[in-house]
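Scroll down for the structure; my scribbles are underneath it.
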Amino acid sequence: MEKGLISVDRWAEGSQAYFLTHLHSDHTHGLTSGWSHAPLFCSPLTAKLLPFKFPSFDLSLLRILHPGASHTLTLPSTVLHVTAIDACHCSGSIMLLFRGDFGCVLYTGDFRWEATCERAANARHVLRHALQNVPVVDVVYLDNTYSNPIYDFPPRHVAAQKVMDIISSHPDHDVIIGINTLGKEDLLIEISRALQIKIWVWPERLRTMHLLGYHDIFTTNTSLTRVRAVPQYSFSIETLEALNAMRPTIGIMPSGLPWIKKSLQKNEFLSGSFLTSRYKRGKWSANSEAQTDEQIGNIGSPEKIHEYMYTVPYSDHSNYEEIEEFIKLVQPIRLKGIVASSSCYIEPMYYFGRLCRVDQQTQLLREGHKRKENCKREREGSVRSKTSLGDVNVETGRDRGKALKGRFSGVRLSRFSILRRTHRGAKIHEYNSSDQE
DNA sequence: GCGATCAGCT
DNA sequence: CACAGCTGATCGC
């Protein structure tokens with residue numbers, strides 16, 4: 001009988017061990033407070049936050065992976081080794097490097113691989129070190145959210161500087177920043193530090209901040225600060241206009257939304273597109289003052305999208321260049337995307353296959369995709385998601401549905417991904433095993 | 001009433 | 001379209 005060995009960010013029954021890369025809810029669909037299938041492995045920070053998201057979670061099933069350390073797991077059917085590496089995506093996020101009978105698999109989860117970020121530099125060091133014990137990485141499950149050269153956005157510290165410039169140039173305004181339940185803590189801390197100001201957050205978010213170890217930066221007292229971080233869903237142009245009836249207020253959306261709009265045409269020429277044109281001129285640089293000064297008060301500029309509303313390209317996913325650097329470092333034999341949704345979706349081997357170790361399968365795959373490209377452009381986000389190569393069998397998801405109807409060629413898609421939306425994760429490796437514990 | 005699911009919206 | 005994720009309606013228990 002066939003059973004799964006391990007699952008990452010997937011919660012269907014049948015695996016011997018489960019791994020959670022981070023606590024964003026599109027990675028926890030199917031996970032509940034009543035979890036009882038098998039041990040769940042995650043980072044220390046995720047373990048700290050998880051009981052608040054899942055109140056009656058059986059903590060005896062929780063196992064902590066310390067980033068950088070190699071853990072040996074004895075599962076009912078086999079022994080495997082796993083190393084967690086800081087993914088720099090949000091607080092507690094990790095990548096996972098697995099070694100076992102099946103070979104070596106690196107699962108990035110969502111990740112941001114910034115050349116300039118100190119944390120990423122540390123993560124790079126840890127990854128390099130971990131890779132020294134590995135002859136070759138057979139498969140990388142890749143956060144391919146922006147694995148297309150049409151996506152370009154700056155490092156987060158540059159985007160953060162932009163945010164601070166916007167705030168500084170509105171000294172008499174209240175400032176509302178949209179964030180989600182987890183993530184972008186670094187941005188808020190940078191703002192707080194640079195402007196010497198506390199940041200208001202809503203009560204639950206304050207508890208999260210405290211759990212993360214930030215005790216003096218955030219407050220729930222509105223009278224202590226003019227900068228408030230609010231749930232992204234809770235504010236819009238309308239609420240901002242309402243607020244402005246009372247006192248001058250600007251809104252800032254730090255968003256990973258693609259910084260391209262209409263002109264995602266065939267070529268690389270992006271000028272004229274909504275949010276990209278400016279960025280295409282001189283590469284990203286930290287000195288943004290000239291631009292900012294001229295942008296502010298200039299309605300229709302890339303970052304001022306409304307009289308009171310600004311957007312800043314602050315992304316917790318890697319841009320194309322960063323993914324490229326990552327692949328160069330790891331040099332896997334194969335790549336598999338863990339995100340399959342956008343109309344700009346391109347199977348990662350198409351762009352990054354050239355950076356992989358060449359073997360026959362790789363060559364075949366590349367030929368196959370080139371052929372496909374020639375026939376017709378891969379839009380529609382339709383059939384992609386290679387499966388069942390070698391002895392690694394994968395369940396993968398996160399599709400917009402439409403083109404995908406049930407099962408095909410060994411891929412089993414969750415009902416979520418078929419019927420609705422976001423679902424990431426993979427069941428790595430089908431395995432013969434006696435029983436599950 | 002509660003949890004799971006899903007449409008809608010941002 | 002895309003990020004990530006909430007609200008609220010509905011359904012089954």
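We use all heavy atoms of the structure for the numbers below, so side chains are in, but hydrogens, waters and symmetry mates are not. Here is the naming used below: chain letters follow the sequence lines, and residue numbers restart at 1 for every chain.
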### Query
Can you name the residues that form a side-chain hydrogen bond (donor to acceptor under 3.5 Å, both in side chains) with Glu185(A), not counting sequence neighbours?
Ser91(A), Arg205(A)
### Task
Round to a whole Å and report the spacing from NZ of Lys184(A) to P of dC3(C).
12 Å
### Task
Using only side-chain N and O atoms of His317(A), determine if any of them is under 4.0 Å from OP1 or OP2 of dC3(C).
no
#### Entry: Closest listed nucleotide, where the reference is the side chain of Thr32(A) and the choices are dC6(C), dA4(C), dA4(B)
dA4(B)
### Message
List the residues meeting side-chain contact (heavy atoms from CB on, under 4.5 Å) with Asn221(A), not counting sequence neighbours, and say none if there are none.
### Response
Thr219(A), Ser223(A), Leu224(A)
### Task
State, without any angle test, whether Asp143(A) and Thr108(A) hold a side-chain donor-acceptor pair at a distance under 3.5 Å.
no
### Task
Return the nearest nucleotide to the side chain of Thr145(A); candidates are dC3(C), dC6(C), dA4(C).
dC3(C)
#### Entry: Gap between atoms CG and P, on Asp110(A) and dG5(C) respectively (whole Å)
10 Å
### Task
Write down the distance between CD (Gln232(A)) and P (dG5(C)), rounded to a whole number of angstrom.
9 Å
### Task
May I have the distance from Phe153(A) (atom CZ) to dC3(C) (atom C1'), rounded to whole angstrom?
10 Å
### Message
Need one value for Ser234(A): base, sugar-phosphate or nothing, where a base atom within 4.0 Å counts as base even if backbone is also close, heavy atoms only.
### Response
nothing
### Query
Rounded to the nearest Å, what distance is computed from the CZ atom of residue Arg205(A) to the P atom of nucleotide dA4(C)?
14 Å
#### Entry: Sorted by number, the residues of residues 238-247 of chain A with heavy-atom contact under 4.0 Å to DNA chain C
none
### Euclidean distance, atom CG of residue Asp26(A) to atom P of dC6(C) [Å, nearest integer]
11 Å
### Task
Give a yes/no answer on whether the side chain of Ser255(A) brings an N or O atom under 4.0 Å of OP1 or OP2 in dC3(C).
no
### Query
Atom NE2 of His22(A) to atom C1' of dG5(C): distance rounded to whole Å?
12 Å
### Query
Going by atom types only, do Glu118(A) and Asn122(A) share a side-chain donor-acceptor pair under 3.5 Å?
no
### Task
Measure across Asp316(A) and Arg112(A) and return the closest heavy-atom pair with its distance rounded to 0.1 Å.
O-CB, 3.7 Å
### Query
Can a side chain N or O of His89(A) be found less than 4.0 Å away from OP1 or OP2 on dA4(C)?
yes
### Query
So does Ser236(A) get a side-chain nitrogen or oxygen closer than 4.0 Å to the phosphate oxygens (OP1/OP2) of dT10(B)?
no
### Task
Starting at atom OH of Tyr151(A), determine the distance to atom P of dC3(C), rounded to an integer number of angstrom.
8 Å
### Query
Would you call Arg193(A)-Glu190(A) a salt bridge at under 4.0 Å N-O?
no
### Message
Salt bridge check, Arg156(A) against Asp186(A): does any charged N sit closer than 4.0 Å to a carboxylate O?
### Response
no
